[in-house]
Each structure stands twice: as structure tokens, then as C-alpha cells.
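Only one structure is covered here, and it is reproduced in the block below.
In what follows, every chain begins at residue 1, and chains take the letters A, B, ... in the order their sequences are listed.
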Protein chains: 2
Amino acid sequence: MELNNHSFLPVSENQPHLPKNDQYKGVPHKKIIRELGLKVTQQRIQILEVVRSGPSHFTAQEVFEIVSESNPDIGFATVYRFLKKLSEQSFVTEVRMGGMPARYEWAAKDHHDHLTCSRCGKIVEFENQKIEDLQEKIALRHGFKLTHHILELYGVCGECQRA
Amino acid sequence: MELNNHSFLPVSENQPHLPKNDQYKGVPHKKIIRELGLKVTQQRIQILEVVRSGPSHFTAQEVFEIVSESNPDIGFATVYRFLKKLSEQSFVTEVRMGGMPARYEWAAKDHHDHLTCSRCGKIVEFENQKIEDLQEKIALRHGFKLTHHILELYGVCGECQRA
DNA sequence: TGGAAAATGATAGTCATTATTATTAAAGGT
DNA sequence: ACCTTTAATAATAATGACTATCATTTTCCA
Ligand SMILES: [Mn+2]
Ligand SMILES: [Mn+2]
Ligand SMILES: [Zn+2]
Ligand SMILES: [Zn+2]
């Protein structure tokens, strides 16, 4: 899958139905790191800066590269480690598509799923309560207690259909 | 995730609502290999034997191990290669969950999705037309032409809830 | 401000998968 | 059956995403 330069800018931005209730808006990075039960380091602040105000749906590698610009000494293990912590405590969500590297996104917003263009990589976020309800129903029917789910739609976006 | 010995036996077996319309039932392996535009080799026949009548939701490694019993000389690259061919031409479906190795299943049956127990690894197949329709609707709403999707439900099965 | 405890960066390791390549086997004509 | 072309194979090295290890540096609070 080829990805264009803008693949990771949230398409959500100009789509009113997209969920974006960041309950941590305005909370300083330091506070969040303490809330995780971790020590406050410059690296973690820099990573959080990217995670919270940089592009959505980023890979660990991308975060590493962005932080590297201002701090060339950071190690990528540090990025991986901290993203893992954030993901374990549900501050970021891991989104895995196919065999590609994991992508993360700041999770302090409502649950949603993804619609991805397999041509250009564009990602649209959506949420559909009817589908959520049906999933719950299916799980119950089989005696399962549902914990989470992955719903990823793939297709070709309008733009790419024309081209 | 710990997996028990029986995780990969299709739970589907004794569940009447499960789709299992193998349109290639009775068609010899050789014929299918030729249909793929490939040469008929002993290895490919052996792999197809496992894929078509062995356990469902197998990994490449598992297929390799099973074939190895009767043919200790087979190389695992051969298994990967052939599974890839089969998957490219939609004879098997690749199912990827999290960061785990890819699982495959013979695809000549109706489309379905999976409900997985994250405790014991049990997999239940299901299909829900309402969800499929809603997905189609969502894609259209965003101008996408839908090509495929991944819907994986995770939870704890009844058995594991008791234990 | 001293020092235990945690975090870091460098680096090596793991695991699934893919590429390379010399050797072998299949297909199709003779 | 034999030859020839071409594809497939097995062994092996390489890749890519992550994870573990560990010696060194930071944090933080008593
Ligand atoms: Mn998202
Ligand atoms: Mn299945
Ligand atoms: Zn596109
Ligand atoms: Zn279970």
C-alpha cells in the first residue's frame, strides 16, 4: 500500500460526526505522566507532545522521527516503551491493520472504528451504535462476554476512484 | 493469550448457523493447483490436503509441522509461498489478529467473521447480514467503494467465565 | 543534596515473514 | 522415454518490527 504525505492527518477534522471528546484537553503532559505512575522525563514529554498534538494514527517509527528532529539523542526503544505504557493504560489505542506496523492514536476520545483507503492510505474515523449493539448481541448469543473488537473497513476513496 | 490444544478445531462444526458451503467439495487438489496457474507438485498437494481437510484457522507454521510428519523434507518457505498464492487468489483467507502470526482458512465458503476467546483461543464463526449492510452504508456515506473488512470480536467464552 | 529506584540509549536478540540462489522437478513437445 | 525450458524447491540469509539486556544517567524526595 502506497501512502501519500497526508495519510495521517485526521480526515476527521472536517467531518462533524467524528468523535473527538478529549477529556484531557488542557491537561499538561507532566500531569498525565504522573497519572501513569511514571517519572517525568524530557523524552516522555516530547513523545506526548507528538502523540497529543501531532498527526493521528502514527507508527512508533513516525513518532521517533518527529521527536528526533528536536532531540536527536532519543532512542527508539524509549518511544516503543512509552507507547506501550500509554497503550496498556488506555491513553492511546493500538490500531493494527494487516501485517503492517502498529499505529497508535490518542485515546481520550470516544470509541470509533476506521475506514481506510487501500490505495492512498487515507483514514476516516466513524462510529456506529447499531453495529456496536449487534456485536454485543452476537457475543451474548454464543455465551461470550465481549471485551473489545476490531472493525476495519477497507476500500477505495472517492479521490482514488477518479484517478 | 494461552491457547489450548483444541483451539483450532472449528467450533463451527456443531453450530447449524455456521456457513460452510465449500464450492470446491470433491474437486481434486491437482485441479485446484492448475486453476491457480501453477505446476502440480507433491508439496502443494500435501499442503492443500492439510488446508482443505485439516483444522481451520491454521498458521503457516502449523501447516508446515503437519506436512512435515509425512514429508520431513519440505521447507517452510514452500508453505509460506503457496499459502500466499492461495491467499492472493482468494482460495484461502488470511486472518490477522493483533501482532500474532497470520492464520488462514479455506475460503471457498461463505463470508463470515470471528468471535475469539482471549482466554483459551476458541474461535466461533458467525455471519451477520445486518452488520454487512451497515458497513456498506458507512463506506458509501464517505464516498468509498468497499473492498473488504475485518471484524473480529474478542471476549471470554462461557466455559472460561466459569473457570 | 545524597542515593535508591527508575529511565535511558546502545545494542543484541527474537519472531514472522520474505528474498536469494544453487539444485531439482514438472510440463510439453519430440 | 528423452530433452529442454521453465518453474519450484530447500537451505539459508536477510528483513522489519518489535523486545530484552545492561551499563550509564536521571529523577525525585527524604
Ligand atoms: Mn482513529
Ligand atoms: Mn473462519
Ligand atoms: Zn484513496
Ligand atoms: Zn475460552
Handout entry: Pair Asn128(B), Glu132(B): side-chain N/O donor-acceptor within cut-off below 3.5 Å
Key = no
Problem - Gap between atoms CD1 and P, on Ile33(B) and dA25(C) respectively (whole Å) - result: 17 Å
Practice task
Can you tell me the distance, in whole Å, between the CG atom of Leu83(B) and the P atom of dA16(C)?
Solution key: 15 Å
Practice task
Give a yes or no on whether a salt bridge exists between Glu105(A) and Arg103(A), defined as a side-chain N under 4.0 angstrom from a carboxylate O.
Solution key: no
Problem - Distance in angstrom units between Glu65(A) CD and dG16(D) C1', rounded - result: 14 Å
Problem - Rounded distance (Å) that lies between atom P of dA7(C) and atom NZ of Lys85(A) - result: 7 Å
Practice task
Using only heavy-atom distances, determine whether the side chains of Asp113(B) and His149(B) contain a donor-acceptor pair under 3.5 Å.
Solution key: yes
Practice task
Can you tell me the distance, in whole Å, between the CZ atom of Phe64(B) and the P atom of dA11(D)?
Solution key: 8 Å
Exercise for the section: Send over the distance from Arg34(B) CZ to dG28(C) C1', rounded to a whole Å. Expected result: 13 Å
Practice task
Measure the acute angle between the ring planes of Phe126(B) and His142(A), then classify it against the limits of 30° and 60° as parallel, tilted or perpendicular.
Solution key: tilted
Practice task
Go through the side-chain N and O atoms of Gln46(A) and His29(A) and say whether any donor and acceptor fall under 3.5 Å apart.
Solution key: no
Handout entry: Glu159(B), CD atom: more than 12 neighbouring heavy atoms under 6.0 Å
Key = no
Exercise for the section: Before accepting this row, confirm whether a basic side-chain N of the pair Glu152(A)/Arg96(A) lies closer than 4.0 Å to the acidic partner's carboxylate O. Expected result: no
Fill in the blank from the handout: Residues of residues 36-49 of chain A with a heavy atom under 4.0 Å from any atom of DNA chain D, listed by number, are Lys39(A), Val40(A)
Practice task
Report the relative orientation of the aromatic rings in Phe64(A) and Phe76(A); use parallel for angles under 30°, tilted for 30 to 60°, perpendicular for over 60°.
Solution key: perpendicular
Handout entry: nucleotides 17-22 of chain D: protein proximity per nucleotide (B base, S sugar-phosphate only, - neither; heavy atom, under 4.0 Å)
Key = SSBBB-
Exercise for the section: Calculate the interatomic distance between Ile74(A) atom CD1 and dT25(D) atom C1'; express it in whole Å. Expected result: 15 Å
Completion exercise
When rounded to whole Å, the CG to C1' distance for the pair Asn71(A) and dG9(C) reads 11 Å
So which protein N/O to nucleotides 2-4 of chain D N/O distances come out below 3.5 Å?
none

Handout entry: Residues Glu35(B) and Tyr24(B): side-chain donor-acceptor under 3.5 angstrom
Key = yes
Exercise for the section: Consider only side-chain heavy atoms of I, L, V, M, F, W and Y, link residues closer than 4.5 Å, and tell whether Leu140(B) and Leu153(A) are in one cluster. Expected result: no
Exercise for the section: Check whether the ring centres of Phe144(B) and Tyr154(A) lie less than 6.0 Å apart, and answer yes or no. Expected result: no
